[in-house]
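To keep things clear, I will list the structure first and then write my remarks on it.
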Amino acid sequence: MAFELILTETNENILQITLNRPKALNALNRQLAEEIILALRDADKDPTIGCIIITGSEKAFAAGADIKEMHEHTFPEMYDLDWFSEWDQISQIRTPIIAAVSGYALGGGCELALMCDFILASETAKFGQPEISLGIMPGIGGTQRLTRIIGKSKAMEMCLTGRFMDAHEAEKAGLVSRITAPENLLEEAKQTAKKIATFSKPIVQMAKESVNRSYETSLSEGVRFERRLFHAMFSTADQKEGMSSFIEKREAIFNDK
Ligand code: CAA
């Protein structure tokens with residue numbers, strides 16, 4: 001499928017997906033959602049892709065779900081279409097996804113960033129769940145993921161008041177992993193993605209799965225899950241290579257085996 005609302009670029013094992021609906025500040029309509037998900041699924045099936053970056057423009061990562069597309073819908077229509085359910089597919093992507101956020105990440109835009117594995121933010125990033133001012137609340141996981149990540153008090157305030165959080169507050173709250181100057185954001189994201197892509201793909205995927213499991217289960221079950229994966233890693237050639245390379249004082253060469 002030829003994409004119309006995203007740009008995709010593959011460079012040295014990294015897929016970059018750039019949301020490209022500038023006039024609407026990358027508002028997430030159904031076509032844009034479909035294209036993002038298709039690009040992610042294709043990349044996930046491609047053994048040469050080791051990491052994915054999702055980014056937007058300097059002004060907006062994404063200003064939310066497309067208000068104009070949904071405002072006339074009725075409850076039966078929203079229910080029948082199971083509106084937003086397509087986004088659940090992002091949690092099935094096993095390849096790491098970095099959100100590189102500049103400017104507005106609001107509503108569905110904030111929620112898309114939250115669905116990525118981690119967020120690198122430029123100084124200009126603004127996160128928010130302003131749905132309350134539209135007479136709705138977040139619908140792509142904002143009340144759930146934001147609360148788990150930044151805690152009840154901040155998440156509640158953001159969802160009830162629509163207040164935006166700047167990059168520094170977001171970093172302090174644990175929403176973003178790092179802040180960069182706006183002009184360095186993409187380069188930082190690419191370097192970070194490249195680093196991840198140098199490691200063993202199955203091990204990276206297991207590490208991602210294990211961290212994500214911490215959101216779904218009790219501590220003791222999560223630790224047990226981690227330990228079982230850890231044991232399983234000793235059946236891989238990449239574990240042998242990684243440990244041997246340390247002992248032999250050389251760079252490891254992983255073969256994803
Ligand atoms: N949906 C549809 N169109 C949008 C949009 C959105 N979420 N956000 C911005 N746009 C459009 C504007 O309508 C405008 O289009 P026109 O030129 O045709 O009028 C264009 O993008 C530029 O926007 P502004 O003129 O408003 O730009 P600004 O710089 O003055 O303001 C902004 C920027 C503060 C981000 C403002 O656009 C805004 O508040 N946007 C809406 C944010 C929002 O409420 N997001 C939540 C959406 S609902 C949701 O996401 C539900 C969910 O949980 C998934």
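In each ligand, atom 1 is the first atom listed, and ligand 1 is the first ligand listed. The shown structure was predicted, so the numbers you read here are calculated from the model rather than taken from an experiment.
Here the options are I119, L106, L112, the test is side chain to side chain contact (heavy atoms under 4.5 Å, CB included), and the partner is F61; only L112 passes.
Residue-level proximity to ligand 1 for P130 is carried by the side chain, the only part with a heavy atom below 4.0 angstrom. With a heavy-atom cut-off of 4.0 Å, M70 touches ligand 1 through its side chain alone. Neither the backbone nor the side chain of Q129 comes within 4.0 Å of ligand 1, counting heavy atoms alone.
Of the protein's heavy atoms, none falls inside 4.0 Å of atom 31 (O) of ligand 1. Within a 4.0 Å radius of atom 26 (O) of ligand 1, the protein contributes no non-hydrogen atoms. Shown here, atom 7 (N) of ligand 1 is in close reach of the protein: a heavy atom of it lies under 4.0 Å off. Remark: atom 17 (O) of ligand 1 lies closer than 4.0 Å to no protein heavy atom.
Annotation: side chain of V101 is not in contact with side chain of L185 (no heavy-atom distance under 4.5 Å). Contact annotation: the side chain of L40 approaches that of I17 to within less than 4.5 Å [non-hydrogen atoms, C-beta and beyond]. For the pair F254 and F199, the minimum side-chain heavy-atom distance is below 4.5 Å. For the pair H168/E123, a side-chain contact is recorded, criterion being any heavy-atom separation below 4.5 Å from C-beta on. Using a 4.5 Å heavy-atom threshold, the side chains of L25 and K59 count as touching. The side-chain heavy atoms of D117 and V211, taken from C-beta on, include no pair separated by under 4.5 Å.
Of all atoms in ligand 1, numbered sequentially from 1 with element shown, those under 4.0 Å from a heavy atom of E111 are 52 (C), 53 (O), 54 (C). The distance from ligand 1 to the heavy atoms of P138 drops below 4.0 Å at these ligand atoms: 53 (O). Ligand-side atoms of ligand 1 in range of L106: 35 (C), 42 (C), range being under 4.0 angstrom from any heavy atom. Annotation for ligand 1: atoms under 4.0 Å from non-hydrogen atoms of G108 are 49 (C), 50 (O), 52 (C), 54 (C). Remark: ligand 1 atoms within the under-4.0 Å shell around heavy atoms of G139 are 52 (C), 53 (O).
Applying the 6.0 Å contact sphere to CD of E12 captures no more than 12 heavy atoms from other residues, nucleotides or ligands. Around atom NZ of K240, more than 12 heavy atoms belonging to other residues, nucleotides or ligands sit under 6.0 Å away. Heavy atoms from other residues, nucleotides or ligands lying under 6.0 Å from CD of E58 number 12 at most.
In terms of protein heavy-atom proximity, atom 5 (C) of ligand 1 is nearest to A27 CB, 4.0 Å. Shortest contact from atom 52 (C) of ligand 1 to any protein heavy atom: E131 OE2, 3.2 Å. Among protein heavy atoms, atom 28 (P) of ligand 1 sits closest to K59 NZ, 3.9 Å. Among protein heavy atoms, the minimum distance from atom 10 (N) of ligand 1 is reached at A24 O, 3.8 Å. Closest protein heavy atom to atom 1 (N) of ligand 1: I67 N, 2.9 Å. Nearest to atom 48 (S) of ligand 1 among the protein's heavy atoms is L134 CD1, 3.6 Å.
In terms of polar-atom proximity, defined here as any N/O pair under 3.5 Å, A65 does make such a contact with ligand 1.
In the candidate list L25, D66, L28, N26, D66 is nearest to atom 2 (C) of ligand 1, counting heavy atoms. Of all the listed residues (G107, A63, C159), A63 holds the heavy atom that lies closest to atom 45 (N) of ligand 1. Here atom 19 (O) of ligand 1 lies nearest to K68 when heavy atoms of E69, K23, K68 are compared.
Remark: the S244 side chain and the R250 side chain contain no N/O donor-acceptor pair separated by less than 3.5 Å. Side-chain N/O atoms of N20 and T18 include no donor and acceptor closer than 3.5 Å. Between E209 and Q205, the side chains place no donor N or O within less than 3.5 Å of an acceptor N or O (distance only, hydrogens not considered).
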